[in-house]
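One structure is given here, and the rest of the page talks about it.
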Amino acid sequence: MTEADDLPTAFTCAAQVGIDGSGDEMPIDAALAALGPELGAPGACNEQFVREDALLVLVIITDEEEEGSAGDPPQWFNALTALKGGVESNIVVLSLIGPKNPACKDAAEIGERLTEFTEMFTYGSVGQICAENYQMFFHEAIAGIAEACDGFMPPG
């Protein structure tokens with residue numbers, strides 16, 4: 001969305017994610033659908049969201065393991081990287097999930113597949129969904145995003 005857009009209309013369109021469907025959270029399928037060609041087509045809700053001249057920052061926040069999306073972490077990595085012209089270092093993935101040794105093992109499923117996916121990226125960071133606060137996670141994320149910006153390489 002830009003200042004030139006009718007922001008209430010654009011946001012309403014983009015925010016139509018729904019609450020129906022599977023009880024399994026599927027953040028990877030959701031991200032790939034939102035960033036893919038159908039919703040990125042001219043006139044669609046996410047037109048020009050994925051741009052060649054910009055980093056892509058994907059933030060995943062879930063207390064469940066990724067069990068519903070099609071494929072596996074290497075396939076997800078390849079699909080997301082393809083959306084950025086094959087330059088994986090132009091993608092930052094921030095995942096607030098149930099990590100391998102969660103402080104709150106009873107409140108969040110361990111996100112092994114999401115951890116594997118996130119750690120495939122040069123600029124991938126995993127934080128605990130059950131942390132008391134996320135200040136340190138996002139503080140470190142900002143430094144990672146700045147580093148990714150410094151190394152940004154347009155595809156081609």
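Worth knowing before you read on, the calculation uses all heavy atoms, side chains too, and leaves out hydrogens, waters and symmetry mates.
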Cluster overlap L56 with L39, hydrophobic side-chain contacts below 4.5 Å: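 Looking at the clustering, L39 is in a separate group from L56.
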Do [X] and [Y] have side chains that get closer than 4.5 Å, going by heavy atoms?
{"X": "E119", "Y": "P73", "answer": "no"}
{"X": "L35", "Y": "N46", "answer": "no"}
{"X": "F121", "Y": "T81", "answer": "yes"}

Side-chain cluster (under 4.5 Å, hydrophobic types only) that V92 belongs to, other residues: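 The other cluster members (ILVMFWY side chains, heavy atoms under 4.5 Å, direct or chained) are L55, V57, V59, I61, L94, L96, Y123, I129, Y134, F137, F138, I145, F152.
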Value rounded to 0.5 Å, distance of CD in E64 from CG in L114: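 Between atom CD of E64 and atom CG of L114 there are 10.5 Å.
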All side chain to side chain donor-acceptor pair (under 3.5 Å) counterparts of S125, not counting sequence neighbours: none
Residues forming a side chain to side chain donor-acceptor pair (under 3.5 Å) with T115, sequence neighbours excluded: none
Flag, side chain of [X] to backbone of [Y], donor-acceptor distance under 3.5 Å:
{"X": "S95", "Y": "I97", "result": "no"}
{"X": "E65", "Y": "E112", "result": "yes"}
{"X": "W76", "Y": "D29", "result": "no"}

By side-chain contact (heavy atoms from CB on, under 4.5 Å) - contacts of L32 (at least two apart):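 So L32 forms a side-chain contact (heavy atoms from CB on, under 4.5 Å) with I28, A79, L80, L83.
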Heavy-atom pair with the smallest gap, counting every atom of A108 and C130: CB-SG, 3.8 Å
Pairs meeting criterion salt bridge (charged side-chain N to carboxylate O under 4.0 Å, His left out) with involvement of residues 46-63, two or more places apart: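 Those involving residues 46-63 are R51-D53.
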Pairs where residues 66-94 contributes a residue and the test salt bridge (charged side-chain N to carboxylate O under 4.0 Å, His left out) is met, not counting sequence neighbours: none
